[in-house]
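Report on one structure; see the data block that follows.
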Amino acid sequence: MKENIVIVGGGIAGLEAAAQLLELGYKPIIIEKSDRLGGHVADWNCLFPDMSPAKDVVSSLIARSAEANIFLNTEISFVNKLKDSYNIMLSNGISIITRIILMTTGFSLFDASKKEEYGYGIYDQVMTNRDLEDWFNTGDDKRINDSAMNAVGFVHCVGSRDEKARNSQCSKVCCITAIKQAIELKQKFPDAMIYCFYMDLRMFGKKYEDFYINAQRDYGIRFIRGRVSEVGENIDGRVIVKAEDTLSGKPVKVTLDLLVLMAGMVCNPDSTKVANMARLPIDSDGFLKSKDNVADIIESPKEGVFYAGACTGPKTVPETLAEARAAALKIYLYIKGLE
Amino acid sequence: MDFGFKLSPSSAINLDKVDLEKFEELHRAEPDVYKCMACGSCTSTCPANKYSGMSMRKVILALQRGKEKEAVSMMRNCMLCGKCTMVCPRGINTRHLILSICRIYEEDVK
Ligand SMILES: Cc1cc2nc3c(=O)[nH]c(=O)nc-3n(C[C@H](O)[C@H](O)[C@H](O)COP(=O)(O)OP(=O)(O)OC[C@H]3O[C@@H](n4cnc5c(N)ncnc54)[C@H](O)[C@@H]3O)c2cc1C
Ligand code: SF4
Ligand code: SF4
Ligand code: SF4
């Protein structure tokens with residue numbers, strides 16, 4: 001089958017869709033901006049809720065999609081709408097005529113240094129959820145000192161649910177990620193006190209609530225309901241965190257050896273760039289706008305353009321994979337309809 | 001049977017009896033008042049909180065629970081510095097809200 005299918009983004013959504021389309025007999029083209037496949041999941045260590053190794057998920061996807069035409073380090077330079085197809089020019093000079101585009105451009109992690117009051121990039125002992133995943137993978141981060149990890153804090157909703165950060169929506173995965181990372185740190189440092197500063201805990205997924213109960217009962221993670229308002233540093237470089245403990249109605253202050261900021265999922269500017277070229281609409285949350293947010297999340301309002309994964313909003317790995325499979329089937333039926 | 005653990009009637013909030021007329025007036029003037037998610041950022045940064053217990057979060061809650069006196073007496077300690085407005089993640093103009101509360105609940109203040 002000669003039909004060209006262009007998949008923009010080689011994260012797990014793009015790879016899963018490609019693998020399915022290969023099984024259906026097509027040879028999709030994956031355009032990936034970075035120098036490697038797997039997107040964000042390739043940066044994570046273990047995945048909630050079962051602590052499955054992220055690298056297993058990514059390597060099996062890469063193996064299953066290996067037969068696709070994959071362009072790494074490649075971006076889209078422009079998209080022209082022809083009569084019943086699109087002409088896509090790539091940054092490597094290749095141009096492709098296609099009737100089908102699948103957007104799997106994913107999300108961006110909120111840049112935590114924009115919330116200066118949390119001191120990321122200013123105080124030594126402040127890191128993000130991504131930095132912590134990195135440490136789980138490499139064991140190398142000067143902020144984590146094996147002999148002095150007595151107290152650690154997690155700040156929920158960093159750059160999410162925050163109109164000052166121009167992002168009012170909830171990133172959905174960071175509550176459960178905080179709990180996962182808190183448990184993992186507690187396993188590494190059993191004597192450390194670990195606090196989560198939250199406003200609401202959103203344990204929406206399968207087994208997430210159990211994970212939360214584990215964190216409370218088996219690991220003694222302390223949950224404090226209040227948004228961190230201020231972070232400072234003392235003379236020995238430890239961080240001082242202030243918040244209102246809204247349940248007791250009293251101000252709280254705690255000195256920590258490490259502060260982890262749960263940076264949220266925001267729309268990816270590279271996604272918006274391609275959307276503008278292809279004249280795809282943007283939703284009020286900044287992510288790509290689907291034809292319908294209930295019935296047609298994987299369809300764009302444009303003929304032949306489909307979506308899968310976090311490019312339409314915060315999503316977990318299983319949700320992303322399910323959408324990618326659904327998009328592959330949709331594309332298959334769409335091509336059948338054209339014949 | 002009486003175990004002697006009954007809520008004392010004065011501390012219980014009876015939502016059937018709470019009169020929200022003024023709060024509705026406040027809401028018309030300050031539609032954002034309903035956006036509060038009780039995160040406590042305002043309270044935590046409030047310079048008046050430390051010595052007086054002033055808490056914007058508590059004021060917004062108390063007004064909706066019919067505890068107007070409590071709210072208004074807390075507000076007497078506000079210096080209108082506006083720090084709470086700077087930190088509110090829901091973008092509520094709390095300083096402006098305080099002025100509207102003062103206007104609408106004026107007679108309670110006396
Ligand atoms: C800290 C953190 C931890 C998480 N942990 C878990 C977990 O344990 N379990 C779980 O279920 N979920 C987890 N998630 C969610 C998970 O990361 C997402 O579900 C997943 O990354 C979505 O995959 P995606 O392919 O849609 O997007 P992405 O992973 O963002 O991949 C998008 C890909 O597209 C590429 N791209 C973007 N724009 C362009 C362009 N214009 N041209 C070419 N290429 C482009 C990018 O380089 C990237 O490779 C976590 C999220 C965060 C933030
Ligand atoms: S998932 Fe939790 S931490 Fe993340 S934005 Fe939503 S409420 Fe905040
Ligand atoms: S304006 Fe009033 S309530 Fe707000 S921070 Fe200042 S003193 Fe506190
Ligand atoms: S900072 Fe804003 S949202 Fe948070 S408790 Fe105060 S008024 Fe409510």
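Chain letters run A, B, ... following the sequence lines, proteins first, then strands; residues in each count from 1.
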Do [X] and [Y] make a side-chain contact, defined as non-hydrogen atoms from C-beta onward lying under 4.5 Å apart?
{"X": "Asn49(B)", "Y": "Pro251(A)", "result": "yes"}
{"X": "Arg90(B)", "Y": "Ser168(A)", "result": "no"}
{"X": "Ser229(A)", "Y": "Val87(B)", "result": "no"}

> If only atom types and distance count, is the side chain of Lys58(B) paired as donor or acceptor with the main-chain N or O of Gly249(A) below 3.5 Å?
Replying inline: yes
> Side chain of Lys242(A), backbone of Ser44(B): donor and acceptor closer than 3.5 Å?
Replying inline: no
> If every non-hydrogen atom of Arg57(B) is compared with every non-hydrogen atom of Thr246(A), which pair is closest and at what distance?
Replying inline: NH2-O, 3.4 Å
>> Which heavy atom of Lys164(A) sits nearest to which heavy atom of Thr85(B), and what is that distance?
In response: NZ-O, 2.7 Å
>> Using heavy-atom distances under 4.5 Å, tell me whether Cys88(B) contacts chain A through its side chain, its backbone, both, or neither.
In response: both
>> With rounding to the nearest 0.5 angstrom, report the NZ to CD distance, Lys35(B) to Glu163(A).
In response: 4.0 Å
> Out of curiosity, Arg161(A) CZ to Cys39(B) SG, how far, rounded to the nearest 0.5 Å?
Replying inline: 9.0 Å
Enclosure of [X] [atom1] (heavy-atom neighbours >12, cutoff 6.0 Å):
{"X": "Arg222(A)", "atom1": "CZ", "value": "no"}
{"X": "Lys50(B)", "atom1": "NZ", "value": "yes"}
{"X": "Met79(B)", "atom1": "CE", "value": "yes"}

> Which is it for Glu244(A) and Ser55(B) under the side chain to side chain contact (heavy atoms under 4.5 Å, CB included) test, yes or no, and what are the steps along the way?
Replying inline: CA-CA 10 Å; Glu244(A) 189 201 6; Ser55(B) 162; 4.3 Å; yes
